[in-house]
Amino acid sequence: MSQDFVLTTCPFCGCGCQFYLAAVDGQVVGVEPCFTDRVSEGKLCIKGRRAHEFIHSPDRLRTPLVRRDGQLEEASWDEALDIVAQELARVRDTVSPDAIGLLSSAKCTNEENYVMMKLARAAIGTNNVDHCARLCHASTVAGLAASFGSGAMTNSIPEVVASDCILITGSNTIEQHPLIGTRVLQAKERGATLIVIDPRETMLSERADFFLRHRPGTDVAWLNGFMHVIIRDGLQNRAFIAERTEGYEALAETIAAYDPERVERITGIPADQLVAAAHAYARAKSGMILYSMGITQHTTGTDNVKSVANLAMLTGHVGKAFSGVNPLRGQNNVQGACDMGALPNVYTGYQAVTDAAGRNKFGEAWGRALPAQVGLTVVEMMNAATEGQLRAMYIMGENPMLSDPDINHVREALGNLDFLVVQDIFLTETAEIADVVLPGACYAEKEGTFTNTDRTVSRVRKAVDPPGEARPDWEILCDVAERLGHKGFRYSEAADILAEVNRLTPSYGGITSERLDRGDTLSWPCPDADSPGTPFLHRGQFTRGLGRFHAIEYRPAAEEPDAEYPLILTTGRTMFHYHTGTMTRRIALLNHEEPTGYVEINPLDAERYRLDQGEKILLSSRRGAIEVPTLITERVPKGVVFMPFHFAECAANVLTNPALDPDAKIPELKVCAVNVSKRS
Ligand code: SF4
């Protein structure tokens with residue numbers, strides 16, 4: 001009997017806990033905690049403890065599949081790869097490289113995301129490459145880059161415990177980032193002040209010193225209200241503003257109109273509570289803001305993020321330990337996928353495709369001239385497919401048939417393509433409609449790295465072989481690139497790819513395989529082999545030089561409730577499932593805890609519509625309708641309903657609004673108008 005314990009990184013959230021996979025005779029049989037890991041400290045959440053259970057699922061894809069006479073049938077790798085390369089080459093050469101779109105994956109490794117974006121740019125010749133960060137934190141990247149010069153968490157996870165005041169908004173931290181949530185609780189036990197601002201009650205709102213409940217979509221108004229109170233009462237950090245920022249006068253002029261009484265009318269937050277919470281945050285010695293998709297998934301997402309940055313700069317709560325602005329990234333490697341340039345406007349390390357010097361650098365390294373025009377984002381690709389401009393798509397490790405807004409539109413878009421190839425570990429809802437399906441290896445079956453939400457890079461290590469003929473995603477991508485005629489994809493192992501990233505990416509220059517294998521904790525920026533990495537950003541100076549205040553007016557959501565659709569739907573995740581549930585719904589304990597979806601509805605609304613607990617109702621929006629059981633609870637306020645988005649049989653995204661933030665192109669997944677009716 002062979003037995004092995006392999007140290008690797010959890011595939012289920014941006015905390016990036018490390019643990020050991022216990023492998024016996026080629027089967028992963030369990031997860032063991034790692035007590036020296038800086039994030040988990042030997043504690044794992046319920047998802048992490050069961051992260052081995054889907055690995056050997058009988059549903060895993062084992063061979064390539066090719067559609068013949070309308071059916072997906074088993075095929076050899078040569079046949080499947082030849083079809084993929086022929087179809088992509090046909091569209092590239094006879095239509096345009098820009099008629100192809102590629103979706104990379106926040107579940108895959110850094111190395112795989114790098115190869116995917118290189119495939120798009122070097123082998124196909126398009127910047128049409130994006131991934132699900134577009135749907136979660138595109139507004140963070142745009143907003144924080146404009147304010148600070150860098151769109152990532154300013155602090156490290158261990159700093160949370162030592163902050164004097166933690167303001168959490170749009171984040172259900174205990175459920176979505178459990179090992180960050182526990183640190184918030186530890187900080188509270190130490191005596192920190194906890195402020196939670198959310199339309200919906202969460203486990204942390206129950207423990208908060210201040211719980212302010214605002215109407216979904218009114219974030220700019222309450223943030224301007226906070227700043228109004230802080231300036232009115234002389235609590236702004238004048239020295240920090242003078243030395244470290246620009247644009248203060250315009251901000252002060254704009255927020256003068258946001259007195260607490262007006263803000264109460266817009267947001268529903270009582271004026272006296274707003275004032276008390278603003279005072280607590282401004283007076284704290286150190287103040288940390290944690291936020292997630294409740295802030296970002298709006299047509300005003302970039303405005304919301306800039307307003308969060310405004311508040312931190314106004315009080316000087318940024319650029320030092322225990323103080324800062326911390327977007328909590330959702331998927332295990334969404335930070336890394338962004339860092340690796342799986343975005344339509346940047347290469348690795350956020351080097352712009354529109355910058356000639358950067359473009360020449362990558363062009364020389366890859367041996368071809370590269371496209372200068374910014375590519376299409378996820379939702380723009382779907383629109384272009386519907387209009388016939390996008391003709392082929394390559395989707396790796398993403399499931400837009402469940403994760404994207406307005407699923408009926410996504411189905412129409414993908415159905416309109418000449419060719420769709422999906423690379424995944426299960427036959428997802430998206431893979432089911434593909435022309436070719438390529439079986440990938442999961443996190444336990446390959447080597448590489450993930451970058452967690454606090455910019456720290458961790459090793460992913462192989463514990464067992466992939467099932468059947470499945471292969472690591474980077475190997476499959478390299479084979480496709482070779483068949484497309486590009487010779488620059490000959491890597492012998494994942495470490496070769498990271499070495500190329502090191503050479504081309506200043507912020508990753510010192511994050512080498514050798515140092516990671518030695519166990520060094522490396523958070524970017526880490527420019528060279530002597531750099532210890534950077535636990536918190538903007539010490540002494542912002543990445544862009546001076547921090548920039550943005551004067552922002554409140555704008556309502558794109559779709560407000562009305563007589564026809566009188567309720568606001570907001571969506572989110574739960575403790576027991578991950579993304580579209582392809583992995584977690586194959587884990588018995590998690591399925592037992594939460595076997596299907598539901599809609600939370602306030603008892604007053606339930607009474608008005610005469611609904612019973614658990615009754616299956618019809619929930620409809622302007623885009624479609626679904627059947628879903630009720631969960632009558634005061635967790636949501638009157639007039640607001642909440643749905644988790646993990647469940648295909650009652651898919652919340654049939655209802656959500658694809659309206660986009662004008663800067664970040666993120667859709668408004670957090671606010672749309674819906675109606676409730678009894679099933680006939
Ligand atoms: Fe995995 Fe996140 Fe749970 Fe840690 S907190 S074990 S990374 S799901």
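Atoms within each ligand, like the ligands themselves, are counted from 1 in listed order.
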A.B. asks: Does any non-hydrogen side-chain atom of V31 lie less than 4.5 Å from one of R49?
C.D. replies: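 In short, these two side chains do not touch, never coming nearer than 4.5 Å.
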
A.B. asks: L522 and L516: side chain to side chain contact (heavy atoms under 4.5 Å, CB included), yes or no, with the steps?
C.D. replies: CA-CA 8 Å; L522 299 172; L516 294 172; 4.2 Å; yes

A.B. asks: Give the residue, atom name and distance (to 0.1 Å) of the protein heavy atom nearest atom 6 (S) of ligand 1.
C.D. replies: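 Checking every protein heavy atom, the shortest distance to atom 6 (S) of ligand 1 gives G48 CA, 3.5 Å.
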
A.B. asks: Measure the distance from atom 4 (Fe) of ligand 1 to every protein heavy atom, then report the residue, atom name and distance (to 0.1 Å) of the closest one.
C.D. replies: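 Of the protein heavy atoms, C17 SG, 2.3 Å lies nearest.
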
A.B. asks: Can you name the one residue among N326, D454, T173 that meets side chain to side chain contact (heavy atoms under 4.5 Å, CB included) with I180?
C.D. replies: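 Going through N326, D454, T173 one by one, the side chain to side chain contact (heavy atoms under 4.5 Å, CB included) with I180 is satisfied by T173 alone.
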
A.B. asks: Starting from atom 3 (Fe) of ligand 1, what is the nearest protein heavy atom, named by residue and atom, and what distance separates them?
C.D. replies: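 Heavy-atom neighbour on the protein nearest atom 3 (Fe) of ligand 1: C45 SG, 2.3 Å.
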
A.B. asks: Would you say C13 reaches atom 2 (Fe) of ligand 1 with an N/O/S atom under 2.8 Å?
C.D. replies: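 For C13, the answer is yes, given that an N, O or S atom comes within less than 2.8 Å of atom 2 (Fe) of ligand 1.
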
A.B. asks: Tell me, which protein residue and heavy-atom name are nearest atom 1 (Fe) of ligand 1, and how many Å apart are they?
C.D. replies: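 Answer for atom 1 (Fe) of ligand 1: C10 SG, 2.3 Å.
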
A.B. asks: With respect to T449, which candidate in V501, L498, V460, I511 satisfies the side chain to side chain contact (heavy atoms under 4.5 Å, CB included) definition?
C.D. replies: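 Checked V501, L498, V460, I511 against T449; only one passes side chain to side chain contact (heavy atoms under 4.5 Å, CB included): L498.
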
A.B. asks: Under the salt bridge (Lys or Arg N to Asp or Glu O under 4.0 Å) test against E445, which residue among R461, R60, K462, R471 passes?
C.D. replies: R60

A.B. asks: I need the atoms of ligand 1 closer than 4.0 Å to a non-hydrogen atom of G16, numbered in the order shown.
C.D. replies: 7 (S)

